[in-house]
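So the structure is just underneath, and the comments pick up after that.
Just the heavy atoms: all of them, side chains too, but no hydrogens, waters or symmetry mates, feed the values below. Fair warning: this is a prediction, and the values are worked out from it, not measured in the lab.
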Amino acid sequence: MTERMQERHDPYLWLEEVEGEEALTWVRSHNEITQSALCDAAFDADKKALYEISTRPDNIPFITRRRGLLYNFWQDAAHVRGLWRRTTMDEYRKPDPSWETVLDIDELARAQGRIGSGRAAARSSRSSAMVW
């Protein structure tokens, strides 16, 4: 089976060059098609409202427990792409908990000259994650 898979040619392999001009041109053209079909005034209003709600400073942080610490992915007006941060349970219970920044994705993006971000974690082992 491995030999058969190696024999097949992937016609979209060029898209793996995510910063290549050909791939970026293709993405931009498909983005234009999608935006013209879906992004109207109602979409823009909904997007703005969701942004305002999700970046309020008084939002309750959703947490994940890992090895005695509480982790949170936080976004606000100052951290549009987000912060991975952590604290202890005792600190979390305080009215104004102190958080340790694990990864500032906005700062990482600036340092690397990138504009996108995302995250994914392996659910099975909970031992690895990918941030982009």
Side-chain angles (χ1 to χ4, degrees):
M1 182 169 178
T2 304
E3 291 177 22
R4 285 181 39 195
M5 290 176 71
Q6 289 176 348
E7 291 175 13
R8 286 194 229 169
H9 173 69
D10 181 354
Y12 299 102
L13 191 58
W14 54 274
L15 285 171
E16 295 291 327
E17 292 293 326
V18 296
E19 294 182 14
E21 194 53 43
E22 187 177 10
L24 289 173
T25 299
W26 184 88
V27 168
R28 287 182 192 115
S29 70
H30 282 76
N31 283 349
E32 288 175 15
I33 294 166
T34 302
Q35 288 173 345
S36 66
L38 302 176
C39 299
D40 56 10
F43 173 85
D44 290 337
D46 289 346
K47 182 179 174 182
K48 183 176 189 245
L50 289 170
Y51 175 79
E52 295 298 324
I53 290 167
S54 68
T55 58
R56 289 179 47 162
D58 61 344
N59 283 342
I60 298 171
F62 175 77
I63 56 165
T64 302
R65 296 174 192 226
R66 296 279 186 266
R67 299 181 181 167
L69 293 172
L70 307 179
Y71 287 82
N72 168 254
F73 182 74
W74 183 258
Q75 290 177 286
D76 59 22
H79 304 96
V80 178
R81 289 182 181 85
L83 291 173
W84 279 109
R85 59 190 193 163
R86 67 184 176 190
T87 194
T88 64
M89 178 59 85
D90 289 339
E91 191 65 32
Y92 182 72
R93 288 181 173 144
K94 293 179 181 179
D96 189 19
S98 176
W99 293 88
E100 173 192 359
T101 298
V102 176
L103 181 63
D104 183 336
I105 298 176
D106 295 271
E107 183 58 37
L108 181 65
R110 279 189 292 278
Q112 295 184 349
R114 306 237 179 201
I115 58 170
S117 70
R119 61 197 183 277
R123 288 193 181 267
S124 60
S125 67
R126 295 185 176 189
S127 65
S128 57
M130 177 174 57
V131 178
W132 65 93

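Side-chain atoms of Asn72 do not come within 3.5 Å of backbone N or O of Arg85 as any donor-acceptor pair. Side-chain N or O atoms of Tyr92 include one that pairs as donor or acceptor with a backbone N or O of Pro61 at under 3.5 Å. Remark: the backbone N or O of Leu70 is not paired with any side-chain donor or acceptor of Thr87 at under 3.5 angstrom.
Considering every non-hydrogen atom in both Ile53 and Asn59, the closest pair reads O-ND2, 3.0 Å. The shortest non-hydrogen separation linking Arg81 to Gln75 is O-NE2, 3.6 Å. In terms of heavy-atom proximity, Ser29 sits nearest to Trp26 at OG-O, 2.8 Å.
Side-chain contact annotation: Arg86 with Tyr71, donor-acceptor N/O pair under 3.5 Å present.
Distance CD/Glu100 to CH2/Trp84: 14.5 Å, rounded to 0.5 Å. Distance CE/Met89 to CG/Leu69: 10.5 Å, rounded to 0.5 Å. Taken to the nearest 0.5 Å, the CG atom of Asp76 stands 7.0 Å off from the CG atom of Leu83.
Between Glu107 and His79, the closest side-chain pair of non-hydrogen atoms is not below 4.5 Å. A 4.5 Å side-chain heavy-atom check between Leu38 and Phe43 finds every atom pair outside the cut-off. Residues Leu50 and Lys47 form no side-chain contact, since every pair of their non-hydrogen atoms from C-beta on lies 4.5 Å or further apart. Side-chain contact between Ile105 and Phe73 is present, with heavy atoms from C-beta onward closer than 4.5 Å.
Val102 and Trp74 fall into different hydrophobic clusters, where Ile, Leu, Val, Met, Phe, Trp and Tyr residues are linked whenever their side-chain heavy atoms come under 4.5 Å apart, directly or through other members. Residues Trp14 and Val27 share a hydrophobic cluster, clusters being chains of Ile/Leu/Val/Met/Phe/Trp/Tyr side chains in contact below 4.5 Å.
Under a cut-off of 6.0 angstrom, the local environment of CD in Glu17 is sparse, with at most 12 non-hydrogen atoms contributed by other residues, nucleotides or ligands. In this structure, Asp96 places its CG atom where only 12 or fewer heavy-atom neighbours from other residues, nucleotides or ligands lie under 6.0 Å away.
Applying the side-chain contact (heavy atoms from CB on, under 4.5 Å) rule to Pro97 yields the partners Glu91, Trp99; only residues at least two apart in sequence or on another chain are considered.
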